[in-house]
Undergrad: 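Starting off with a structure, shown below.
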Protein chains: 2
Amino acid sequence: MTEQLTSDRILAAAEDVLRRFGLAKATVVDVARALGVSHGSVYRHFPSKAALRDAVTERWLVGVSDPLRAVAEADRPATERLRHWLDTLIAAKQTKAREDPELFATYIALTEEAREVVGRHVATLAGQLAGIVADGVASGEFAPVDTALAGRALLDATGRFHNPAHAGEWADPGIDAAFEAVWSLVLSGLAARG
Amino acid sequence: MTEQLTSDRILAAAEDVLRRFGLAKATVVDVARALGVSHGSVYRHFPSKAALRDAVTERWLVGVSDPLRAVAEADRPATERLRHWLDTLIAAKQTKAREDPELFATYIALTEEAREVVGRHVATLAGQLAGIVADGVASGEFAPVDTALAGRALLDATGRFHNPAHAGEWADPGIDAAFEAVWSLVLSGLAARG
DNA sequence: CAGCTGACAGAGTTTGAAATCTGTCAGTCC
DNA sequence: GGACTGACAGATTTCAAACTCTGTCAGCTG
């Protein structure tokens, strides 16, 4: 008997097939072939192609949000953590977009079809930011605010620099200066008076 | 002789054809037919279909930025003008998207193909915001900043609520609360201390 | 003779028949 | 008997031939 077929092995194969063929050309039969099984077997682990697609998307988004959690929870001043967190998110997205545009385009297409999964991802990110803001308020670095709303506001306000919908603008020459301007605006917005 | 053929009459006809057929189905021959002329005549006024498309896009974007100029230049406190300006821009976009989604989708598609025209439009909007910020700094409402950068930062930070790339999120229930959170963040960011 | 027409070449799009894919399930195999 | 196969129906996609569109230009027309 060859190795047991698991959801994890299917997901890995699906990622590989997506990387090689792109979203439009990747089929369930391709994934099954890559694993040396019939496509019927894939359907014992995922109820539909859409479910498999969503699972791949979730895996990718967890790969983005997981490293950020460590940054959000580091033992450093809230301002510094906030900046590091944004830099990390922005670098992760922009580097992927620059270094493998085709694969990045595949992931953008995936996320467009998995709005629910993306919604949870965005909530996760906003929650991490809310945590940083809460710490900053507690330490007196930031003025008191509704931390959940402020976390979401920070994510929204910086969207141009990490939201894939704006990927086409990331090559603009002024993009770094634009981020610095937004950063200084929102940082003064958070900062405690005096 | 029927009325003289002008660029303006062609533009009006092109808008009409786009409204009726959408971007994908609208042809130069359709525009010419609507005017009762041969399509060759259209090419005496616009060097290509792309140029005609760009002119229609520019006309539409001017229709957005022109009413905003009056708001930006009104004789009112900068904070109030800024809020009114953003409310007006957001209402203009979101109302169009809600009331005629098909036509709005056509205009989104148009803007995607006219990046240069859109770039000028964005610069115009950022300039109007910079003007409001400059007045606010002069009056002491806002802390001193690089007004051009701050104008662009305000536009970027509020993008989720007016940039058509985010049109799909405008029906979200929390969208108004999210705008209020961003507004309060950027307003504190601008405000002068004390 | 300025403004317009309409035939034309090459590019791009439609169309529908053939091929492929998704999702199911009765049946095989260890 | 649980994991897997593979044949199948219906949905979707591909492909190439037929058609339509863009952009040009020689010539008409008022």
Side-chain angles (χ1 to χ4, degrees), chain A residues 1-58 102 105-106 108-110 112-117, chain B residues 1-58 102 105-106 108-110 112-117:
Chain A
M1 187 199 227
T2 67
E3 204 184 339
Q4 171 82 19
L5 186 63
T6 62
S7 296
D8 249 32
R9 286 186 61 218
I10 294 173
L11 276 182
E15 272 180 7
D16 208 54
V17 166
L18 280 171
R19 179 169 285 114
R20 275 158 46 204
F21 301 126
L23 183 56
K25 295 272 178 189
T27 72
V28 175
V29 173
D30 289 331
V31 175
R33 186 165 30 234
L35 290 161
V37 300
S38 87
H39 76 281
S41 300
V42 172
Y43 282 96
R44 327 205 111 257
H45 292 86
F46 294 94
S48 67
K49 189 185 185 180
L52 176 54
R53 228 188 36 215
D54 286 1
V56 170
T57 307
E58 184 152 33
E102 240 174 89
T106 296
I108 290 182
L110 273 176
E112 273 163 13
E113 319 229 288
R115 306 185 112 274
E116 206 179 301
V117 173
Chain B
M1 186 201 228
T2 66
E3 204 184 338
Q4 171 82 20
L5 186 61
T6 62
S7 297
D8 249 32
R9 286 187 61 219
I10 293 173
L11 276 181
E15 272 180 6
D16 208 54
V17 166
L18 281 170
R19 179 170 287 114
R20 275 159 45 206
F21 302 130
L23 182 55
K25 296 270 178 192
T27 72
V28 175
V29 173
D30 289 331
V31 175
R33 186 166 30 232
L35 291 159
V37 300
S38 88
H39 76 281
S41 300
V42 172
Y43 282 96
R44 325 207 112 257
H45 296 267
F46 295 93
S48 65
K49 189 186 185 181
L52 176 55
R53 230 188 32 215
D54 286 1
V56 170
T57 307
E58 183 152 34
E102 241 174 88
T106 297
I108 289 182
L110 273 176
E112 272 163 13
E113 320 230 289
R115 307 184 111 275
E116 205 179 302
V117 174

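Order of the sequence lines sets the chain letters (A, B, ...), proteins ahead of strands, with each chain counted from 1. Just so it is clear, the model here is predicted, and its values are computed rather than measured. Side chains are part of it too, since the values below use all heavy atoms of this structure and drop only hydrogens, waters and symmetry mates.
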Undergrad: Would you please name every residue forming a salt bridge (charged side-chain N to carboxylate O under 4.0 Å, His left out) with B:Glu102, sequence neighbours left out?
TA: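 Residues passing salt bridge (charged side-chain N to carboxylate O under 4.0 Å, His left out) with B:Glu102: none at all.
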Undergrad: Measure from CZ on B:Arg44 to P on C:dC1 and round the result to the nearest Å.
TA: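 It is 16 Å, rounded to the nearest whole Å.
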Undergrad: Could you pull out all residues at least two apart from B:Asp16 that satisfy side-chain hydrogen bond (donor to acceptor under 3.5 Å, both in side chains)?
TA: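 Listed in chain order: B:Arg20.
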Undergrad: What is the separation between atom CG on A:Leu35 and atom P on D:dA3, rounded to the nearest whole Å?
TA: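 That distance rounds to 17 Å.
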Undergrad: Over how many whole Å does the gap from A:His45 atom NE2 to C:dT24 atom P extend?
TA: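 That distance rounds to 16 Å.
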Undergrad: Mind checking side chain to side chain contact (heavy atoms under 4.5 Å, CB included) for A:Ala109 and listing every partner two or more places apart, or none if nothing turns up?
TA: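 A:Ala109: side chain to side chain contact (heavy atoms under 4.5 Å, CB included) contacts with A:Leu23.
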Undergrad: Return the value, rounded to whole Å, for the distance between atom CZ of B:Phe46 and atom P of C:dG3.
TA: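 Interatomic distance, CZ of B:Phe46 to P of C:dG3: 16 Å.
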Undergrad: With sequence neighbours left out, write down each residue that passes salt bridge (charged side-chain N to carboxylate O under 4.0 Å, His left out) with B:Glu113, or none if nothing qualifies.
TA: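 By the salt bridge (charged side-chain N to carboxylate O under 4.0 Å, His left out) rule, B:Glu113 matches B:Arg53.
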Undergrad: What pairs with A:Arg44 under salt bridge (charged side-chain N to carboxylate O under 4.0 Å, His left out), at least two apart in sequence or on another chain?
TA: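 Testing A:Arg44 for salt bridge (charged side-chain N to carboxylate O under 4.0 Å, His left out), a comparison that skips the adjacent residues, returns none.
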Undergrad: Hey, does the side chain of B:Ser41 come within less than 4.0 Å of C:dC4's phosphate (OP1/OP2), counting only N and O?
TA: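 Negative; the distance criterion is not met.
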Undergrad: Mind running a 4.0 Å heavy-atom check of residues 12-24 of chain A against DNA chain D and sending the residues that fall below it, in number order?
TA: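 Residues of residues 12-24 of chain A that come under 4.0 Å of DNA chain D do not exist, since none gets that close.
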Undergrad: Can you name the closest pair of heavy atoms from B:Ala55 and B:Phe46 and give their distance?
TA: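 Looking at all heavy atoms of both residues, the closest pair is CB-CE2, 3.8 Å.
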Undergrad: Could you go over nucleotides 19-22 of chain D and give all protein N or O partners under 3.5 Å, atom names and distances?
TA:
residue	atom	partner	partner atom	Å
D:dT22	OP1	B:Val28	N	3.2
D:dT22	OP1	B:Lys49	NZ	2.9
D:dT22	OP2	B:Val28	N	3.0

Undergrad: Check side chain to side chain contact (heavy atoms under 4.5 Å, CB included) between B:Thr57 and all other residues, then give those that pass, not counting sequence neighbours.
TA: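 Applying side chain to side chain contact (heavy atoms under 4.5 Å, CB included) to B:Thr57 gives B:Leu61, B:Leu110, B:Thr111, B:Ala114, B:Val117.
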Undergrad: List in chain and number order the residues that pass salt bridge (charged side-chain N to carboxylate O under 4.0 Å, His left out) with A:Asp30, two or more places apart in sequence or in another chain; answer none if no residue qualifies.
TA: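 Result, salt bridge (charged side-chain N to carboxylate O under 4.0 Å, His left out) vs A:Asp30: A:Arg33.
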Undergrad: Measure the distance from CZ on A:Arg9 to P on D:dA3 and round it to the nearest whole Å.
TA: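 Rounded to the whole Å, the gap is 15 Å.
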